[in-house]
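Have a look at the structure below, then the notes.
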Amino acid sequence: MAFRKFETDADVVEFARQRSTFFADSQQLVVSEIGDGNINFVYRVADEHGNSLIIKQALPYIRIIGEGWPLSQDRIRIESEALQLEGKYCPDLVPEVYHFDQELCAIVMEDIGAHENLRHALITRQQLPSLAEDLGRFLADSLFFTSDLYLTSERKKELVSSFINPELCKITEELFFWDPYCDHERNVISDQVRDVAEGFWSDTDLKLEVAKLKANFLSQPEAMLHGDLHSGSVFASENGTKVIDPEFAYYGPIAFDVGSIIGNLLLNYAGQSELEGDVAERKEYQQWLLDAVGNLWQTFASRFADHAASHGNDPSLAMPEYTQWKLAQIFVDTLGYAGTEMIRRTIGLSHVADIESIADAEARGRAERLALKMGAELIKQRTRFADVDALTSWVAKL
């Protein structure tokens, strides 16, 4: 069977019936296209009893652009295998994969519709009790158990080979580490912060530190990364958290995933300075965000260290002193990658609703300036923060 795009609801229903035992043949199924992403098509298939599943199909090009920007469909194989590998170590934090169809480039997976997109939850100032711990646990488990600290040398190299993801990595390499630091046509820059952006283009110190972070991204296959861990790739509720969409997965520096999600929490912090609502309520939520950053890092670091002590398989690395040194290195680069995420989401191609939803242009500009100030300092001064408390104390004073 050759690849074919799902053209009708009937195509999706037929695929759901053939590739799962989720629905009885007699049931009427309803298809809803729910994907709001830029790259793939995502459908919910549901019956009259409330049972549902998700089907995600990858076309040989970027969805919002069309055939003018071709893209390897191997990304959907990578996403399926990444979800299954993550699910092996933190099954409650990712959707279950029911089936992967190589020829049709489609995944059948668990519907997590009871959870809400984290970006929307943060904008509306929801205090999610388990979020920070869940994210810290996801990072510690998915990153440690796919690293040299746990895997045999042979298995690690097999996985590095399996998760070569050049086309999507190229997108990251350009959008994170190149576009915002030059006058690139893809950049989207508001009038209110154009002077800041232009200052970045001539800031040699900033560009040097970004170059160092990019070099690590290119050359440090430490663990299997999610690769695109932003607020839109997390769904959450008061009862739990789900991490989705690891199609950018590849082997890279551990700090990249940790920094990406922390950068998104700090982007929301910047947005809360000017979003609508009571000032006291917004300030209270900003403190909640800083507490979440601290709890996330502490959960990640303590759990990662526990794994190293209990499950470390390389005797030359199984030293508590090495683990603490490694975590210190990860922390420094975590701040740098958080900074690159904040800058690229403010003056690069893809912005975030945490700031873009601020209606007044001047107010939005103030939030953008705060995000850019934090981002630049996190990159250039990342070695001066002794620990996560120093980070959150600094942010609170801005």
Side-chain angles (χ1 to χ4, degrees), residues 35-40 62-65 69 116-125 168 170-201 206 210 226-235 244-245 247-248 256 259-277 282 285-286 289 336-379 395 398:
D36 60 358
N38 297 330
I39 299 179
N40 303 300
I62 291 182
R63 169 184 177 176
I64 62 169
I65 296 176
W69 191 332
E116 181 181 2
N117 185 280
L118 178 59
R119 192 172 305 285
H120 300 155
L122 295 178
I123 291 170
T124 56
R125 294 188 279 277
L168 272 70
K170 185 174 187 292
I171 293 172
T172 300
E173 291 157 16
E174 294 180 353
L175 297 187
F176 269 82
F177 306 114
W178 176 247
D179 290 8
Y181 307 99
C182 65
D183 188 10
H184 200 286
E185 63 183 5
R186 284 190 294 247
N187 290 335
V188 180
I189 305 169
S190 71
D191 292 339
Q192 286 71 29
V193 295
R194 175 158 288 276
D195 62 320
V196 181
E198 291 177 354
F200 287 172
W201 303 341
L206 176 63
V210 171
H226 177 284
D228 194 28
L229 192 55
H230 56 78
S231 301
S233 297
V234 178
F235 278 64
I244 66 168
D245 289 350
E247 64 186 331
F248 280 75
F256 184 78
S260 293
I261 192 61
I262 286 178
N264 274 261
L265 294 175
L266 295 178
L267 279 165
N268 188 263
Y269 181 98
Q272 293 297 343
S273 67
E274 300 292 342
L275 281 166
E276 292 184 357
R282 289 186 283 123
Y285 196 71
Q286 285 180 312
L289 289 164
Y337 289 123
T340 61
E341 171 73 352
M342 297 183 77
I343 289 174
R344 72 107 175 181
R345 290 291 196 172
T346 306
I347 59 173
L349 172 66
S350 181
H351 292 204
V352 292
D354 312 62
I355 292 175
E356 289 296 290
S357 62
I358 300 169
D360 181 77
E362 294 300 321
R364 186 169 62 252
R366 290 192 293 271
E368 289 176 325
R369 282 182 175 272
L370 178 57
L372 293 173
K373 177 180 175 62
M374 279 195 278
E377 288 300 300
L378 289 175
I379 294 169
V395 172
L398 293 176

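This chain uses plain numbering: 1 for the first residue, then up along the sequence. Owing to the predicted nature of the structure, the values given are computational and were not obtained by experimental measurement.
Applying the ring-ring contact (aromatic ring centres under 6.0 Å, His included) definition to pairs two or more places apart or across chains, those involving residues 336-355 are Phe256-Tyr337. Within the structure, the ring-ring contact (aromatic ring centres under 6.0 Å, His included) test picks out no pair touching residues 353-378 (sequence neighbours left out).
Between Thr172 and Asp228 there is no side-chain heavy-atom pair separated by less than 4.5 Å. A heavy-atom distance below 4.5 Å is found between the side chains of Arg125 and Leu275. Counting heavy atoms from C-beta on, the side chains of Arg186 and Leu175 come closer than 4.5 Å. You'll find the side chain of Thr124 stays beyond 4.5 Å of the side chain of Tyr285, heavy atoms only.
The pair Glu362-Arg366 fails the salt-bridge criterion, with no side-chain N (NZ, NE, NH1 or NH2) lying under 4.0 Å from an Asp/Glu carboxylate O. In this structure, Asp354 pairs ionically with Arg119, as a charged nitrogen and a carboxylate oxygen lie closer than 4.0 Å.
Pro180 approaches Ile343 most closely through the heavy-atom pair CB-CG2, 3.8 Å. Closest approach of Phe248 and Leu168 over heavy atoms only: CE2-O, 3.3 Å. Here the closest non-hydrogen pair linking Ile262 and Ala338 is CG2-CB, 4.4 Å. Taking each heavy atom of Glu116 and His120 in turn, the nearest pair found is OE2-CB, 3.7 Å. Nearest approach of Leu122 to Gln272, heavy atoms of both residues: O-NE2, 3.0 Å. The two residues Ile379 and Gly339 make their nearest non-hydrogen contact at CD1-C, 3.7 Å.
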Verdict with reasoning, Asn187 to Asp179, per side chain to side chain contact (heavy atoms under 4.5 Å, CB included): CA-CA 7 Å; Asn187 290 335; Asp179 290 8; 3.5 Å; yes
May I have the step-by-step check of salt bridge (Lys or Arg N to Asp or Glu O under 4.0 Å) for Lys170 and Glu174, ending in yes or no? CA-CA 6 Å; Lys170 185 174 187 292; Glu174 294 180 353; 2.5 Å; yes
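Side chain of Asn268 to main chain of Asn264: no donor-acceptor pair is present (N/O by atom type, distance under 3.5 Å, no hydrogens or angles). Of the possible donor and acceptor atoms, one in the side chain of His226 sits under 3.5 Å from a partner among the backbone N and O of Ile244. Of the possible polar contacts, none joining the Thr340 side chain to the Phe176 backbone as a donor-acceptor pair under 3.5 Å is found.
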Could you pull out every donor-acceptor pair under 3.5 Å between side chains of residues 190-198 and any protein atom, sequence neighbours left out?
| unit_1 | atom_1 | unit_2 | atom_2 | d |
| --- | --- | --- | --- | --- |
| Ser190 | OG | Glu368 | OE1 | 2.6 |
| Asp195 | OD1 | Arg369 | NH2 | 2.7 |
| Asp195 | OD2 | Arg369 | NH2 | 3.0 |

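Here the CD atom belonging to Glu377 is positioned 12.0 Å from the CG atom belonging to Leu372, to the nearest 0.5 angstrom. Note that the CD1 atom of Ile261 and the CG atom of Leu118 stand 6.0 Å from one another [nearest 0.5 Å]. Here CD of Glu356 is found 8.5 Å from OG1 of Thr346. Values are rounded to the nearest 0.5 Å. Within the model, atoms CZ of Phe200 and CD1 of Ile189 stand 10.5 Å from one another, a figure rounded to the nearest 0.5 Å.
Checking Arg345, Met342, Glu341 one by one against Val352, the side-chain contact (heavy atoms from CB on, under 4.5 Å) holds for a single residue, Arg345.
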